[in-house]
Amino acid sequence: MLALVCTLVFASAATFAVGAIFMTMQGRKEQVAALLAEYRSLERDREFLVHVTSHEAEAPRAFAAPQLRRTPRRAFKRAEALRAAHSLRAAA
């Protein structure tokens, strides 16, 4: 008998919770619709910006503009790595 009462209490609590969720969603329907409209508007704005920026013509380089050069980096050899590890071990 106790199990039956507990089951009925649990079922009524679950029904109350579902009802409360339904009533809350009914009250917030306008806010949810406004959020969805704002999301769609932002998505259209992003698509427009991608469309506008993807068709941009490249500006020609001025004749006097300097060419950027990267400084060559020295290759880090395995022997140097072993020496660095050995000196760290010796310092410890």
Side-chain angles (χ1 to χ4, degrees):
M1 186 68 182
L2 182 62
L4 182 62
V5 171
C6 289
T7 302
L8 289 175
V9 168
F10 183 76
S12 64
T15 304
F16 178 76
V18 169
I21 290 170
F22 181 73
M23 294 297 287
T24 301
M25 290 305 292
Q26 286 294 330
R28 303 284 183 175
K29 189 184 289 187
E30 292 176 9
Q31 291 176 340
V32 171
L35 284 173
L36 288 175
E38 184 179 357
Y39 173 76
R40 290 183 188 120
S41 173
L42 289 174
E43 188 174 355
R44 283 192 302 266
D45 289 346
R46 266 185 301 216
E47 289 173 0
F48 173 74
L49 288 173
V50 166
H51 177 72
V52 168
T53 57
S54 64
H55 296 294
E56 181 179 334
E58 287 189 27
R61 209 177 244 265
F63 180 71
Q67 295 289 331
L68 299 177
R69 293 187 182 183
R70 292 182 178 253
T71 57
R73 293 188 177 180
R74 188 171 57 121
F76 191 70
K77 297 180 182 174
R78 184 168 172 79
E80 291 177 10
L82 290 174
R83 263 185 281 160
H86 180 67
S87 64
L88 290 176
R89 265 190 251 130

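Here, residue 1 is the first one in the sequence, and each next residue gets the next number.
Note: the hydrophobic cluster containing V18 does not contain F10 (ILVMFWY, side chain heavy atoms under 4.5 Å, direct or indirect links). Tracing side-chain contacts under 4.5 Å through hydrophobic residues (I, L, V, M, F, W, Y), one reaches V32 starting from I21; they form part of the same cluster.
Under the side chain to side chain donor-acceptor pair (under 3.5 Å) criterion, E30 pairs with no residue, sequence neighbours left out. For L49, there are no side-chain contact (heavy atoms from CB on, under 4.5 Å) partners, not counting sequence neighbours.
Atom CD of E38 has 12 or fewer neighbouring heavy atoms from other residues, nucleotides or ligands inside a 6.0 Å radius.
In this structure, the side chain of S12 engages the main chain of L8 through a donor-acceptor pair within 3.5 Å.
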